[in-house]
Protein chains: 4
Amino acid sequence: MSEAAGKRSFSRRPRAERMEQIEAAARDVFSRNGFAAASISEIAAGAGVVEGTIYKYYENKRDLLLTVLQRWYESMIADYVDQLAGVAGLRNRLRFVIWRHLKSIKDNPDLCRLFYAEVRGSDDYYESTLYRLNREYTNVLMRILRDGMAAGELRPDLSIALVRDMIFGGIEHHVATFLARRGELDVERAAEQLTDMVMAGIVQPPPAPASLGLEAAVRRLERVAERLDPPARGEQQDTGPC
Amino acid sequence: MSEAAGKRSFSRRPRAERMEQIEAAARDVFSRNGFAAASISEIAAGAGVVEGTIYKYYENKRDLLLTVLQRWYESMIADYVDQLAGVAGLRNRLRFVIWRHLKSIKDNPDLCRLFYAEVRGSDDYYESTLYRLNREYTNVLMRILRDGMAAGELRPDLSIALVRDMIFGGIEHHVATFLARRGELDVERAAEQLTDMVMAGIVQPPPAPASLGLEAAVRRLERVAERLDPPARGEQQDTGPC
Amino acid sequence: MSEAAGKRSFSRRPRAERMEQIEAAARDVFSRNGFAAASISEIAAGAGVVEGTIYKYYENKRDLLLTVLQRWYESMIADYVDQLAGVAGLRNRLRFVIWRHLKSIKDNPDLCRLFYAEVRGSDDYYESTLYRLNREYTNVLMRILRDGMAAGELRPDLSIALVRDMIFGGIEHHVATFLARRGELDVERAAEQLTDMVMAGIVQPPPAPASLGLEAAVRRLERVAERLDPPARGEQQDTGPC
Amino acid sequence: MSEAAGKRSFSRRPRAERMEQIEAAARDVFSRNGFAAASISEIAAGAGVVEGTIYKYYENKRDLLLTVLQRWYESMIADYVDQLAGVAGLRNRLRFVIWRHLKSIKDNPDLCRLFYAEVRGSDDYYESTLYRLNREYTNVLMRILRDGMAAGELRPDLSIALVRDMIFGGIEHHVATFLARRGELDVERAAEQLTDMVMAGIVQPPPAPASLGLEAAVRRLERVAERLDPPARGEQQDTGPC
DNA sequence: TATGAATGAGCCTTCATTCAT
DNA sequence: GATGAATGAAGGCTCATTCAT
């Protein structure tokens, strides 16, 4: 029902307007109360229609919720690829994706909460348009990763999907307290740190022990060479005692 | 279990035993139907008591859910620290934490789903015992990270909390399809990959400093060789000493 | 009334009509069982609607009760003032008020019992419309009393409110056994006696001032007679002149 | 059960003590919450016993309420007649009864409210001990009234029962706002006014028109007598001109 | 005598959804 | 297309009372 957006184009305008009214009201009420506590009658009142009218446009309450979230995702995707095109370099692109995701959450915590709490994890999600949109959305990151891997910038043994999980999962976990209205969210800082961590990992790169052994070996060779031919040119090395 | 069909047939039991019966039944029913669709009467029937009895032990339906999940968390925490004590080395410990978390999810996907879908994200969560247990649980990882940082094994500029978010968030995102009964979960593989990714990041390390040193050393050796025997032949190899 | 047994058989009715149906059924059920023992489902069945319909018109069970009693009060007030306008003289008006109140109780003992037992004395009563109606109702008496006082017919030192309490309280106490189905109620007799008692009090009036004056006058006449004809006979009587 | 207060005298002490504890707790809880909202478990907790124990002493919750109110009535009756014996004169005695009743209400508004709201008007009341006590209590007034009537102090045509209704009903109506915690209660003032009103009624005793006519007639007769025999002795009268 | 675990019957209420107008 | 009255199922929860221990 909601998918069939406008069959007869000559009556499309009022229909689209009605739907916008309803969806705006629904977004408000759902955001404020959550799905279960939201009532169709309140949404109807907010949209200036009666309950029955809503069922002319949406199959049921849940369809309305999904539609509201769909609109959100559509708006998020709209200029995503375009904007990304202006960002060059693996790191920058990765950071952009992370930053943008954090920003979307910060800008619409209520919708985000709805999505996390009411939609994702439910059985019908994987058959929904919302799921397809979500895949489209996350695929942007996947492509960046694949490109980076093809370019040799990323380790070839990685599971791209797992990297995606780590990024979106990490973000989601990070914003949990913010979404629960129990903490702030510093988008810039989190984006920077997450990008950094994802890129470079967490371990302190130790002075590579392997090359130390090689170094030592080379030095011994050099000493040998020096005995044969004492240093006289420009390069300095620490030499052992005689 | 459902033999007690007689009228007013008591079966006075110690408090703990009754609670175990009820909680077992509740775990089943909640797991099967989710919170909303679970009915107290079904739980009561499963436990072999009447509905009223349940309210002697639990404030309300939600309290019962939280208690069931509490018991799960308690059991997860029970031997956690002990087991971890047997694991040495930052990487191993990190991998153990990740592996164990994945394993808990794989072993109890239903409870896990309940926790994600019904509890976390609700308003009362942050005041619940469950929240305290969850903090206790995640603190194990936090301590490992802090120790690793103190030992200089981890980069000192990290946000420990963000590392935790990335790990648990990454796991959660990764298991989503499994929890939705739409995919398998390879605990070992995921643990290994996640540990690796978290530790080392995703970028292809640029030719390590060691190899840089080797290059330099080789050049020096070439120069030595040139002194002994000016270049005349085509191929060069490192030869042993006399 | 209960013909509508078909599945999903609507019988769309104007709002007022539906409410009348429901209130009639409610009045019956409440009267028969009292508030607590009355069940919404029984009321709904009696009204030929389903339970949910009742909640379209009334907030809750109690609101329904209050509405039922409101209607009663409204009907009592409807022609009250008009009828009273046809009654002249303080005593007659007072008697009419008392008589009418007794009559209302006799005509609707069930509603009256409901009002006394379930509403008056509860916390929400003083905020209810019913309370306002009750004040309106009793104010009719108050005005009569005030008028009587202004006209000098009533003692000026009276507390009007206390007179009202004595009248309505007296009536209420008097009808208690009748309401408890343990006695009869003779409206005419009670109205007459109460009016009389309220008006004149209970004490035996000492020989009225008028008779005192008569006594004195007779004595004076005797003295006049003595002057004309000094006492010589035994018995004295008042004799005419000449 | 509660009526059989102490069969075996050797275990009476502890039994009586227990009952006192329970009744004290019950009085508190009933007073605070009313009958319906009072829970046996709260009463039990307040008395330091378990629910089951209460049923050893009282048949059921209502029996406990009636017992609590019985104790109150017993205490009210205890010294009633004695005190009244010290009051002489119909008016004084009547005022004492009214005053004492008002005072009892003021001292125990909660118990009074319970009695009015929960007991009186219920079906079992007329069979209860409480009813017998109440009759005993009101009979004190009835006797006063009968005595007053026999002594000629009260009008012989009164319905004693109706006078009682007017007094107790008037009091009850008057204290209603106080019991609803919405007004104060001035015992002395109310007692005085009510006594006065009951005794003397509300009408302004008019200068008896009948005796005025007689007076005038007598005066004419006196003027006749004066013409026959002009005034010369000590008694003064207001005489007309001429 | 005291305990206190267990009983068990019901009712109010909600609200998404339908469909006659 | 819009209306909005009516549906109707479903379930959490309470608490006085009982009775085995």
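Labels below follow one simple rule: chain letters A, B, ... track the order of the sequence lines, proteins then strands, and each chain is numbered from 1. Values below: all heavy atoms of this structure, side chains included; hydrogens, waters and symmetry mates excluded.
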Would the number of heavy atoms belonging to other residues, nucleotides or ligands and lying under 6.0 Å from CD of A/Glu127 be above 12? yes

Can you measure C/Leu64 atom CG to E/dC11 atom P for me and round it to whole angstrom units? 16 Å

Pair B/Glu118-B/Tyr125, side-chain donor/acceptor within less than 3.5 Å: no

What's the closest nucleotide to the side chain of D/Ile40 if the choices are F/dT17, F/dG1, E/dT7? F/dT17

Would you compute the distance between atom OG1 of A/Thr67 and atom OH of A/Tyr58 and round it to the nearest 0.5 angstrom? 6.0 Å

Taking any heavy-atom pair under 4.0 Å as a contact, classify B/Ala38: base, sugar-phosphate, or nothing. sugar-phosphate

Considering only heavy atoms from C-beta outward, does the side chain of D/Arg18 approach that of D/Arg15 to under 4.5 Å? no

Beyond-backbone contact of A/Ile22 with A/Met19, side-chain heavy atoms, under 4.5 angstrom: no

Within the 4.0 Å heavy-atom criterion, would you say A/Ala44 contacts the bases, only the backbone, or no part of the nucleic acid? nothing

Shortest side-chain distance from D/Tyr57, nucleotide among E/dC12, E/dA2, E/dT7: E/dA2

Should C/Tyr55 be listed as having a side-chain N or O under 4.0 Å from OP1 or OP2 of E/dT13? yes

Check the phosphate of F/dA6 against C/Arg18, side-chain N and O only, distance under 4.0 Å to OP1 or OP2. Yes or no? yes

Is it the case that the side chains of C/Tyr57 and C/Glu23 hold a donor-acceptor pair, with the cut-off being a distance below 3.5 Å and no angle test? no

Could you state the atom-to-atom distance from CD of D/Glu51 to P of E/dA5 in whole Å? 9 Å

Using the ring of each side chain (for Trp, its six-membered ring), is A/Tyr126 parallel, tilted or perpendicular to A/Tyr131, with breaks at 30° and 60°? tilted

Please report, rounded to the nearest Å, how far the P atom of E/dT14 is from the OH atom of C/Tyr58. 16 Å

Distance in angstrom units between A/Ile54 CD1 and F/dG4 P, rounded: 13 Å

Quick check on F/dA2: is either OP1 or OP2 less than 4.0 Å from any side-chain nitrogen or oxygen of A/Thr53? no

Taking the side chain of A/Arg15 as its heavy atoms from C-beta onward, which of E/dT14, F/dG1, E/dT3 lies nearest to it? F/dG1

Would you kindly compare C/Lys56 and B/Gly52 by the position of their nearest DNA chain F nucleotide and give the one closer to the 5′ end? C/Lys56

Atom-to-atom span, CD of C/Glu17 to C1' of F/dA5 - whole angstrom: 13 Å

Quick note, B/Val50 side chain, CB onward, closest among E/dT17, E/dG4, E/dT7 is E/dT7

Take N1-N3 plus N6-O4 or O6-N4 for Watson-Crick, N1-O2 plus O6-N3 for G-U, both under 3.5 Å. Which runs of 3 or more such pairs involve DNA chain F? E:2-21 with F:2-21

Please check if the number of heavy atoms outside C/Glu17 that lie under 6.0 Å from its CD is greater than 12. yes

Between P on F/dA2 and CD1 on A/Ile22, what's the gap in Å once rounded to a whole number? 8 Å

In whole Å, I'd like the distance from the CZ atom of C/Arg62 to the P atom of E/dC12. 14 Å

Among the candidates F/dT3, E/dT13, F/dT7, find the nucleotide nearest to the side-chain atoms of C/Asn60. E/dT13

Whole Å only: how far is the CG atom of A/Asn33 from the P atom of E/dC15? 10 Å

